[in-house]
Q: 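What follows is a structure written as structure tokens; I'll ask about it next.
Letters A, B, ... mirror the listed sequences (proteins, then strands); counts begin at 1.
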Amino acid sequence: MNLIEVDNLSILNRFTGEFIVKNLNFHIKKHTCLGIVGESGSGKSMSMKAILGLLPSNLETTGCVRFGTVEMIHAEPETLRKIRSKHICLILQDAMTAFDPRLTIGKQIIETFCENMNYTVCEATEATLDILKKMMLHDPRLIMQSYPHQLSGGMLQRCMIGLAMALNPEVIIADEPTTGLDSINQRNVLDEFKRLRGEGMTLIFISHDLGVVRYLADAVLVMRQGRGIEYGEAAQLFANPVHPYSKYLLDTRKGLTKAFGELINKGATTSC
Amino acid sequence: MQVWQKLKQDKMALLSLGIIISIVVTGIFAPFLAPHDPLATNIKIKFAEASLSYPFGTDQLGRCILSRLIYGIRTTVFLSIVTMLLTITIGVSFGLIAGYLRGIVGEGILRFCDLLLSFPSEIMILAIVGMLGPGIGNVVMANIASKWAWYTRMIRSLVLEYSDENYIHFAKVAGYSNLYILCKHLFPAILGKVLVLATLDTGWVILNISALSFLGLGVQAPTPEWGMMLNEAKNIMTIRPSLMLAPGLAILIIVAACNFLGDSLRDTLDPKHNPIKAGMKL
Amino acid sequence: MLKVESVYKSYKKQNSVIFSSEKQEILQDISFEIQRGECLGLIGESGSGNSTLSRLILNLEKPDLGEITMEGKPIQSWLKSHRGEMSVVFQDYTTSINPFFTIKESIAEPIRRSKFKYDKQTIDHMVLDLLEKLHLSRQLLVRHPHELSGGQLQRICIARAIATRPHFIVFDEALSSLDVSAQTQILLLLKQLKQEMNMTYLFIAHDLPTIASLCSTVMFLYQGRIVEEIAVQKLSQVQNPYAKKLIDSVVNFD
């Protein structure tokens, strides 16, 4: 059964009459990972926010979005809030602004745990240390005592991802979670996501990096300027993209790592 | 100008601006607009009701209230503007220096400001006027002395915030002189915030000058000043409470107009603020 | 050209008690050289000190110990006498341009403030030239920064950086905030510009493939120390375990 179904999702700016997203169609089966790819401005983040009811009031959402049996677009705010806290977790793109600058990281994560999982403060502290260690952050205790502006963007991102994972929702929507991370951390985060997927988590992974999407996704949706360009199984799409835009994205990505790949392979062949 | 375009769309701002400008113009042309001499007393017609020749009636000495209000603009409003301008000039200059140069100079200025700010401003004004004696000049000086340090601190923290922006870093790497960076990059950035603070504070200054005159420490009789008029009306509150209305309302109107204008200025001076496009940015 | 010798930099630990002298070492014993015309890539984890190092090289901060010299002179005095010959492109393009300036003013500013005095017409020509080089439309000239997309803005920053024909440019994670197609286009551009204008680059990034396609040498920075410096051609022969781990963890795409 499809966990999330999106039919003809459109987002309209009431003041300018422009469509930010038009007629988007996709669905996600339980325990699978959907990768959404596209350049910046293609509407990827906006569509996710629309599903969760997080868009500002000047943007009008039309169409049909179903989470299980719940219809999301015209749902009551209280219903949406319950869903957002327990069932669907959204990891935002800009980690720096997702944390309250006035509180320490530790306080915020513990607060989230106590709110959502009904932990005691002790249990929450343990859980926090656990996720910070899992995210390969040195000195978890120091990080818990630090304020957001004292940590680098990469560290904050990992804190957010760790927190989202630990909340154990049914669906995690991750918006560009590995942008800005170096390869080692990126690999760590991706492996964590892979492990979660193996344990049954449903994932929506938004990225402009095809490499990262290919590593994780079962299905892929390519977006451009607010429209769905191509949608299908990952293996199929990466092997034989149909739409010229998908081909262009793939070729561009290949081009970026071509030089690197050649250097490594050259070394591999000469050393053996 | 783009700012003017945006301001035009804000009805409240236009209204406030209109009120302030008309009050200022009235004050400038007071001799032509006031129906009577504000200092001319005529006991025979004291406490007169509003009439054609005396639109707001007369006070306890038979002086025309409307004329006193109009001439009072010159004292109350103009004094406040002068005070504000001087306070801002001093506060901004020191704030820019303290924020940009930091080091010993910056720290020194900051500590001195901290010292001044440890005195409650009302007490400080009273103390200065008490020491120097009542009078308009001293009132202005007292107001400036009590407020410039606050501006310096505000501006300094703004400068610190903006100094960390990448375009300032680029300017430093490109070798622009410190003075150029201060004037061309930092000052315009903080100007918007300064203007907002200034308009909001103008209300405070007007109230202060009026309060001092109310207490008898500022402008001396018989010079018309709105606070003074309140003071005189207070003495005969039991006989004629309506005499407090005119100056009280006048103060209320101009302070409110300044506050609303300040609010609107804050929005319009932000280059990103576009009332129609707000929300498209995501 | 650029020489960094035994540079150390530390900051006071932020959470420590007042008056305590606990310091956090960010950079330790950094030494390297960049020759004219070279492109050196610097790679390190975020938080490992690469931004601090770039700030030291740009003379925005001073090292605690050690020396940074350019063409033999200390960087401070070199910058004063060679105004406009060093430039920088930052990662965060949203704060890299004064929001009150138009694009035209932003690009023209370094030209106007340079040692050489140009008249208005020449400056206008130069600005248009730069726009063309970076494949940007003239219509952008009257706009403000917040009206442009990320890729466009970063290209404006590059245009501004090369406006004074500098010899040395520091790219501090300049491509990290852009999407893949913008990255590809700008990488190509940077290669062309480097050849055309014979510039020297210090390219700080956390993405190895990007460095591999642009730079001739790469330096690995780990926990504040340089752990390996190697020619890009010999990348497969790295010795240091951190560098090896970094190379192995790059998500393959072929």
Q: Holding to salt bridge (charged side-chain N to carboxylate O under 4.0 Å, His left out), I want the full list of residues that pass it with A:K22, two or more places apart in sequence or in another chain.
A: none

Q: Do the non-hydrogen side-chain atoms of C:I211 and A:F260 ever get within less than 4.5 Å of each other?
A: no

Q: Testing the basics here: between A:Y248 and C:S181, what is the closest heavy-atom pair and its distance to 0.1 Å?
A: OH-CB, 3.4 Å

Q: May I ask you to check whether over 12 heavy atoms, not counting those of A:K107, lie within 6.0 Å of atom NZ?
A: no

Q: For A:S183 versus C:V250, what's the shortest heavy-atom pair and its separation?
A: OG-CG2, 3.8 Å

Q: How about CD on A:E233, more than 12 heavy atoms from neighbouring residues, nucleotides or ligands closer than 6.0 Å, or not?
A: no

Q: Could you state the interatomic distance from OG1 (A:T252) to CD (C:Q185), rounded to the nearest 0.5 Å?
A: 8.0 Å

Q: When rounded to the nearest 0.5 angstrom, what is the spacing between CD in A:Q186 and CG in C:L246?
A: 10.5 Å

Q: I need the full list of salt bridge (charged side-chain N to carboxylate O under 4.0 Å, His left out) pairs touching residues 194-210 of chain C, with sequence neighbours left out, sorted by first then second residue.
A: C:K133-C:E196

Q: If you count the non-hydrogen atoms of other residues, nucleotides and ligands that lie under 6.0 Å from CD in C:Q192, is the total more than 12?
A: yes

Q: Could you tell me which non-hydrogen atom of C:V180 sits nearest to which non-hydrogen atom of A:D209, and how far apart they are?
A: CG2-CA, 3.9 Å

